[in-house]
**Student:** 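Pasting a structure here, questions to come.
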Amino acid sequence: MTFSIHGLAVSRGVAIGRAVIVASSRMDVAHYFIEPDEVDKEIDRARAGRNAVVEELYRLQTSISQMGPKEAPHELNALLDVHLMLLQDEELIRGVKGWITDRLYNAEWALTTQLEVISRQFDEMEDAYLRERKADMEQIVERVLRAMRGVASPIMAPARNSRRQGQQDLLLGDTVDVPLVLVAHDLSPADMLQFKQSVFAGFITDVGGKTSHTAIVARSMDIPAVVGARTCSQLVRQDDWIIIDGDAGIVIVDPSPIILAEYGFKKRQVELERSRLTRLLHTPAVTMDGEKVQLLANIEMPEDAPAALQAGALGVGLFRSEFLFMGRHGDLPDEEEQFQAYRRAVEGMQGLPVTIRTVDVGADKPLDSSVHDAAHLNPALGLRAIRWSLADPAMFLTQLRAILRAAAFGKVQLLVPMLAHASEIHQTLAHIEQARRTLDKRGQAYGPVQLGAMIEIPAAALTLKMFLKYFDFLSIGTNDLIQYTLAIDRADESVAHLYDPLHPAVLQLVASTIAECRLQGKGVSVCGEMAGDVGLTRLLLGMGLRSFSMHPAQILAVKQEILRSDAARLEPWAQRVIQAENPAQEMAQVSAFSA
Ligand code: PEP
Ligand code: MG
C-alpha cells in the first residue's frame, strides 16, 4: 500500500530505489558487493562465522555442566539453548543466503539486513516472550559478526560501479541491478563519509535538521536526501520500493505505477536541468552590471578536490579538516598524515587557494559515531571546535604545523572556527607562532598563510573590529550563526521549523559582517549552507557579498542566479529585506531587479 512520510528536504532531486535499512552503529559492518563467482565463498564465510559461534556456545555449555549444582546458573544454560536454536533458525539462514545470492551483498551486510527483517517480525508479535527473543537474535548476530571479523574485509561502503547503471532502468526488476536507497534512524557524519563513495541513490534518516552535518555530507554527495523523517526507518521494510522527493522532503513508500511514472518523469527533468547547467561551467561568475563573484567549494576530504575543479570552483573556501579525524577510534592522524592530506588537497586544486579550517569536532560531529557525548548536557555549547583545539595544545600544534608545511606547496588560508573571545584569538595566534618556531628549529619548510576567523557566534559578529584587527579575512558560518542567534539546535528536527536563515536578527548579523569587511578592505565570504541556496543568492549579492563557498554540486545553479542579477539594483532592495519585519515577504519583490 502506498503511503508517504514527510521530512526535511536537504538535498535536491528525485531518487527511486529499494530500501536498505541500516541498523544501529552497534551493527556497523562492511557493506560491499561481491562478484557473482564469489557467492559460494561468501556463504561459506557466513557459515564459518555461525559454526564458530555454535562451537563457542557448546563449549560454554560444557563448562557450565562441569560446575557444581550450586554455581551453575540455570538461566544461562536455558539462554544458551535459545541462542543455539536461533542459530539454526531457517529464516535467518535462508535470508542470509538470499541476500548474498540475489543481491550480491557481502556476508556481514546480508546478516544485518536479515536481522532487520526478523526483528520487524518479532516486533509485530503479540506474545511478549517471543517479542523479547529479538534481543537474543541481535546478540547471536553480533556474535557471528564478531567471529567473522578475523576473515572480514575492511569496512567500506558498497562501491560505485557498473551497478549504478541500474538506476536508469527502474522497472527492470532485476534483483542485482536495482538502485538502492539508504534508510537509517541516524547516521553520524563519519558514517556518511563511509557511504560517500557508495552506490546509494538517496538517503533518508529519522533524525537531523537541514544543516546537521549528516545533511551537509548528503548534500555534498549530490544525491537526493530527506532527514528528520521521524519514524521512517520503522515504517519502511527492508527492500520496499521508495521514492525520495528531495525538493519537497517527501518519502513515498511502495509507490503505485502511476506515481512511479510521474516521479520517473520528474527525475528525468531534474537530470536535464543539471545537464543544461553544465554549459555555464567556463562562464565567469559576473553579474549583469559587471560585478565579479568568487565561487568556492566546501570539501570534506582531499579526494573531493577534483569534483571542486570540475564544478568550476575558483578554490576551496572551506576544507572541514575534522573529517580526517573522525571514525578513527581515538587513533588521530599524526603530523605527517595530516600534512600529506593537506598537501594532496592543495596540489589537487592546482594552484588555486585552499582554505583549511582547523578541526571542528564536537556537537553533532563526534569523533566516533558510537561515542555519544552523554557527559555534557549541551554539546553544541560545549567543548567544540577551537575550544577543543585549545584544550589540547599538542594536538592543535600538530595540526598547525601540518597546515603550515602544506602551505609550501600552494596557496593556503588557515581558518579558525567558533572564536568568540579575545583570549581565544590571542592563544590561537600564539600557537601559530609556536608552530612556526618549531618548524624553524627543525629546519622544515613551510609557507605563508592568510589567517581567517569564522564568524559563527553572535558574539563574534558583534565584535567585528576586534576580529579584523587580527585576521586577514572572515568567513561567515551561517549554519552555526543561525543556531546560536536563534537558540535552535541545528540537528534537532523537532525545532527545524524555527531554524530560519531569514530571521531579521540573522540577516542583520550577516549584513553587518559583510559591510564591515568591505569597509576595511578585508576579504569576506559565506561558507554556511546559505551560500549554496539559490533562493538566497540575490539577497547575499545585495548585501555586498562577492565570495560564496558551497558544495561543488551547487556552484552552477548559484552561478546562473548571479549571471541573471543586477548587483547595484539589488542593494537597496536587500536593505529593505534586512529591515523588514517579515523578510521572506519582502523578498518576493526580487523579480523586479533581475533578468
Ligand atoms: C557553519 O557553521 O556555517 C559552517 C560552515 O561550519 P559547520 O557547518 O562545519 O559547523
Ligand atoms: Mg560551524
Side-chain angles (χ1 to χ4, degrees), residues 10-11 188-190 192-193 208-221 227 296-301 304 308 313 315-326 354-367 379-389 413-420 424 452-461 467 473-492 496 499-503 506-507 509-510 513-514 524-533 536 540 545 547-552 554:
V10 295
S11 193
S188 72
M192 288 296 287
L193 210 59
K210 263 190 172 187
T211 65
S212 63
H213 284 90
T214 302
I216 287 175
V217 181
R219 217 169 284 135
S220 79
M221 292 162 71
V227 300
L296 304 167
N298 290 354
I299 65 170
E300 276 93 39
M301 284 293 191
D304 296 334
V316 169
L318 175 66
F319 175 1
R320 288 185 163 97
S321 70
E322 55 273 15
F323 281 88
L324 296 173
F325 291 66
M326 286 180 192
V354 176
T355 310
I356 304 174
R357 182 177 69 180
T358 60
V359 67
D360 178 5
V361 291
D364 73 328
K365 278 183 289 192
L367 278 179
L381 302 182
L383 198 63
R384 205 199 132 173
I386 188 63
R387 304 167 184 182
W388 195 75
S389 296
Q413 303 195 315
L414 197 159
L415 182 61
V416 187
M418 291 272 295
L419 287 165
E424 289 172 330
M454 288 199 65
I455 300 298
E456 45 188 352
I457 299 179
F467 276 82
F473 70 97
L474 300 181
S475 186
I476 310 174
T478 49
N479 306 336
D480 278 316
L481 190 60
I482 298 167
Q483 153 163 277
Y484 296 125
T485 304
L486 302 180
I488 298 297
D489 185 340
R490 62 192 265 194
D492 185 347
Y499 185 92
D500 181 12
L502 289 175
H503 189 290
V506 173
L507 295 183
L509 292 176
V510 172
T513 305
I514 296 168
V524 60
S525 69
V526 169
C527 63
E529 298 301 294
M530 279 178 81
D533 183 341
L536 301 175
L540 292 170
L545 189 73
S547 175
F548 296 60
S549 192
M550 67 200 80
H551 303 293
Q554 298 166 320

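For reference, positions follow the sequence shown, starting with 1. Each ligand, and each atom within it, is numbered from 1 in the order the structure gives. No hydrogens, no waters, no symmetry mates; every other heavy atom, side chains included, goes into these values.
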**Student:** For the CE atom of Met550 and the CG atom of Leu296, what is their distance to the nearest 0.5 Å?
**Tutor:** 7.5 Å
**Student:** If you measure from CD1 on Ile386 to CE on Met418, what distance do you get to the nearest 0.5 Å?
**Tutor:** 10.0 Å
**Student:** Give the atom name of whichever N/O/S atom in Asp480 sits closest to the Mg ion (ligand 2).
**Tutor:** OD2
**Student:** Between ligand 1 and the protein, tabulate every N or O atom pair separated by less than 3.5 Å, reporting distance only.
**Tutor:**
residue, atom, partner, partner atom, Å
ligand 1, 2 (O), Glu456, OE1, 3.0
ligand 1, 2 (O), Asp480, N, 3.0
ligand 1, 2 (O), Asp480, OD2, 3.0
ligand 1, 3 (O), Gly477, O, 3.3
ligand 1, 3 (O), Thr478, N, 3.1
ligand 1, 3 (O), Asn479, N, 2.8
ligand 1, 3 (O), Asn479, ND2, 3.2
ligand 1, 6 (O), Arg357, NH1, 2.9
ligand 1, 8 (O), His213, NE2, 3.2
ligand 1, 8 (O), Arg320, NH2, 2.8
ligand 1, 8 (O), Asn479, ND2, 2.9
ligand 1, 8 (O), Arg490, NH2, 2.8
ligand 1, 9 (O), His213, NE2, 2.9
ligand 1, 9 (O), Arg320, NE, 2.8
ligand 1, 9 (O), Arg320, NH2, 3.4
ligand 1, 9 (O), Arg357, NH1, 3.2
ligand 1, 9 (O), Arg357, NH2, 2.8
ligand 1, 9 (O), Lys365, NZ, 3.1
ligand 1, 10 (O), His213, NE2, 3.3
ligand 1, 10 (O), Arg384, NH2, 3.3
ligand 1, 10 (O), Asp480, OD2, 2.9
ligand 1, 10 (O), Arg490, NH1, 3.0

**Student:** Ile216 pairs by side-chain contact (heavy atoms from CB on, under 4.5 Å) with which of Arg490, Met221, Lys210?
**Tutor:** Arg490
**Student:** What pair of heavy atoms forms the shortest contact from Pro417 to Val359, and how long is it?
**Tutor:** CG-O, 4.0 Å
**Student:** Are any non-hydrogen side-chain atoms of Leu507 and Leu502 less than 4.5 angstrom apart?
**Tutor:** yes
**Student:** Flag Glu456 as yes if one of its N/O/S atoms falls below 2.8 Å of the Mg ion (ligand 2), otherwise no.
**Tutor:**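 Short answer: yes, at least one N, O or S atom is under the cut-off.
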**Student:** State, with a plain yes or no, whether a side-chain heavy atom of Glu529 is found less than 4.5 Å away from one of Ile482.
**Tutor:** no
**Student:** Let me confirm one number: the CG-OG distance from Leu540 to Ser547, rounded to the nearest 0.5 Å.
**Tutor:** 11.0 Å
